[in-house]
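Before any comments, here is the structure.
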2 protein chains.
Amino acid sequence: MASLLEGQARPIRLADIAKAAGVSHGTASNVFSRPEIVRAEVRERVKAVAEQMGYAGPDPKGRLLRAGKVNAIGVATTEPLSYFFDDPFARVMMAGISEACDATGAGIALVSAANQEKLAWNIQSALVDGFILFCIEGGSRLVDLTRERRLPFVALELGFQDETVSAIGVDNVAGARLAARHLAELGHRRFAVLSLAFADNRTGFATPDVVRGALYTGTRDRLAGYFEELARFGIDTTKIPVYETENEEKSTRAGLEAIFAKDEPPTAILAMSDRMALIAIDWLKARGLNVPGDVSIVGFDGVPDGALCTPALTTIAQPITEIGRRAARMILDHDGTVRRETMGVELIVRASTGPARKG
Amino acid sequence: MASLLEGQARPIRLADIAKAAGVSHGTASNVFSRPEIVRAEVRERVKAVAEQMGYAGPDPKGRLLRAGKVNAIGVATTEPLSYFFDDPFARVMMAGISEACDATGAGIALVSAANQEKLAWNIQSALVDGFILFCIEGGSRLVDLTRERRLPFVALELGFQDETVSAIGVDNVAGARLAARHLAELGHRRFAVLSLAFADNRTGFATPDVVRGALYTGTRDRLAGYFEELARFGIDTTKIPVYETENEEKSTRAGLEAIFAKDEPPTAILAMSDRMALIAIDWLKARGLNVPGDVSIVGFDGVPDGALCTPALTTIAQPITEIGRRAARMILDHDGTVRRETMGVELIVRASTGPARKG
DNA sequence: CATTTTTGTTGGATCGATTCAAATTTCAGT
DNA sequence: ACTGAAATTTGAATCGATCCAACAAAAATG
């Protein structure tokens, strides 16, 4: 008899408990979700029955459907899932998001995908109340996909002209100017820029055309900031090589090779990310060049790793954790409005920059 | 008229589309989930209606309830959520889990909680098909809580006697012996152990009583391994100080203070985690002691940071990524059986260990 | 004792989809 | 034109809970 029931292996539902305890659905539900409104005697009886039947407690699946809210926010990127645990920038950002979620008891669902179809499916089927989008490469596609879900979402890095999407980013122009001025004031006159992409899947030296047609306005703004400030020091910015990388090892090294193959190698490098800056330091050291003796470098982002490497990296620090916190809160207490926030940045002078060599 | 409808702001459901397009629920559903079985003409009509009405696509909440499967695995810990992004061990483990999830298209939900009640609630209400448990502190409570969900789960670090829970861990005894032998063969005779906790919330020197009554068998096994091997070299293990820490900065430093305040300070430290070992290196350097000149250290875990610090850490490496992968797969293709896997470990000799000082 | 309040319980409606057996339509073959 | 098989479509049942208006019983009030 018992074996017959066990053979079923059907999980026990709230309705089963109600029937067995001789109460209604409603009362059984109350025993678990609002026990205080149920008479003690009944409550105990139902609980006992539940215990004895091996009831696992109200299944969140059912509750969820009824409630409409999942109480979790999705964090999505086009990179593989491990990106969240590998990339220093992402990690600090996630710490901020975690903090806000911890505070309100919300969960975090990581969404990503190796390929395009899976990305679409994962976005479509993620059980979340909203999304935070890491817009790195292929960001525009990610935004389009997410928009179709008609859930609140925030894009990190407001690299989109599209004013209809909520976004949090930093003042790229101001940050870039800070970096450029710092180097110019140290006497540098020959520059090179390690740039992020201006559009999807680009790499190599960027022409003015490319810059003008930039899809990623974040990249464009940083370059504009560099150039504006350098121009104020009377530097001819049209001569400055700008190399687009994929913000990873290989293309960054290729960029450095190309830049230092030129006739007049730079004495200062403006890198649009700490990642590239760190790779550059490594590359220069391996080439026997001294940082900052021969070449100075300024990064962008302010990831913790920058403080630990040798020499420690001078950089433009974003308030990464705070951005994460705000992004999470934007989703958590979403009020239907589009928000676009721009955060300030800060120049942190460490050991990777120094006075330009005389001569 | 339109304004009246819009005022409702009720999200459009599949049923609305079906009605508007003049087809049944079933057909409308098929248009989205199995488009190939619907006649092209009908399919296009329904899609057009959906598009025009601004339908966001089938809501995963409904689908989920019906399907029963969430297609996501929960990773839980008693630490705050940011633990997953801060702790190097956790990060490598997550990379492994991510890999397995990416491969099958499953999602990852991070579960954690600042306080006990929230932990319970978060575990109870997490929308997942199973759990991977990071059993650090308070692991037993986490296991109890999870068991109540009656979902498949795996404990990482099989630190539980309880043979009824699935777990993946390493051969702690063998690993510890490897570490101890390495130091003994280098001529060391005076040791100290930086230990993980033997039970919840413990810290300070551990007495044999404490060790015998260990709740965490993982810790007990490592210590047993150290002692067994050292005994083979004729070392009196009863004299070896064993200090339990919370595996973080403060208590580890306190442990080092206490250990080096003793009459005959050790020339070799056996640390049960790389984290503690790294902190120890730092502490020793600040104290003017040379590693490995004055004191040798062996860690346990094999986190990437260990390779980067100075001096690079000699350690017992666990196949962390592989453990993560397996744990995820155990949940993903769960067959109802209890699995307990023990993985091998490896001694990685780097620069933090050297011959014992003469005299 | 009749009447109002308070407290506890009930059962049906609902959340938003998927599924499947049965009904219907389409179509090839004669 | 007719038949049987194949291709589509239908509509009710289901997933597992919560909510709420209505009702019943008990307690408080006049």
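When reading the values below, keep in mind they use all heavy atoms of this one structure, side chains included, and skip hydrogens, waters and symmetry mates. What you are looking at is a predicted structure, and each value in this text was computed from that prediction instead of being measured. Every chain is numbered from 1 and lettered A, B, ... according to where its sequence line falls, protein lines coming before strand lines.
- In this structure, B:Gly68 reaches neither bases nor backbone, as no heavy-atom distance under 4.0 Å exists between it and the strands shown.
- Residue B:Ile17 contributes atom CD1, which lies 18 Å from atom C1' of D:dT9 at whole-angstrom precision.
- When rounded to the nearest whole Å, the span between CZ of A:Arg149 and P of C:dA17 equals 11 Å.
- Atom pair B:Arg63:CZ and D:dC15:C1' shows a separation of 14 Å (rounding to whole Å applied).
- Proximity of A:Ser29 to the phosphate of D:dA17: no side-chain N or O atom is located under 4.0 Å from OP1 or OP2.
- One interatomic measurement links the two molecules: CG of A:Asn30 to P of C:dG11, which rounds to 14 Å at whole-angstrom precision.
- Nucleotides of DNA chain D nearest to A:Arg34 and A:Leu65 differ in position, and the one nearer the 5' end is that of A:Leu65.
- A donor-acceptor contact under 3.5 angstrom links the side chains of B:Tyr216 and B:Asp200, judged on distance only.
- In this structure, of D:dA12, D:dT10, D:dG16, it is D:dG16 that holds the atom nearest to the side chain of A:Pro11.
- The phosphate of D:dT9 has OP1 or OP2 within less than 4.0 Å of a side-chain N or O from B:Arg39.
- Ionic pairing of B:Arg326 and B:Glu322 is present here: one or more N-O contacts between side-chain nitrogen and carboxylate oxygen are shorter than 4.0 angstrom.
- In this structure, B:Ser24 reaches the D:dT10 phosphate: one of its side-chain N or O atoms is under 4.0 Å from OP1 or OP2.
- Between the CZ atom of B:Arg43 and the P atom of D:dT8 there is a distance of 9 Å, given to the nearest Å.
- Under 3.5 Å, the side chain of B:Arg66 and the base of D:dT14 form at least one donor-acceptor pair of N or O atoms.
- More than 12 heavy atoms of other residues, nucleotides or ligands lie within 6.0 Å of NE2 in B:His334, so this atom counts as buried by the packing criterion.
- Distance A:Ile12 CD1 to D:dA17 P: 10 Å, rounded to the nearest Å.
- Taking the six-membered ring for Trp and the full ring otherwise, A:Phe84 and B:Phe84 have centroids separated by 6.0 Å or more.
- Across the protein-nucleic acid pair, B:Leu14 atom CG and C:dT19 atom P stand 12 Å apart, rounded to whole Å.
- Between the CD1 atom of B:Ile37 and the P atom of D:dA7 there is a distance of 12 Å, rounded to whole Å.
- Residues A:Tyr55 and A:Phe32 bring their aromatic ring centres within 6.0 Å.
- The residue B:Tyr55 sits close only to the backbone: its heavy atoms come under 4.0 Å of sugar-phosphate atoms, none of a base.
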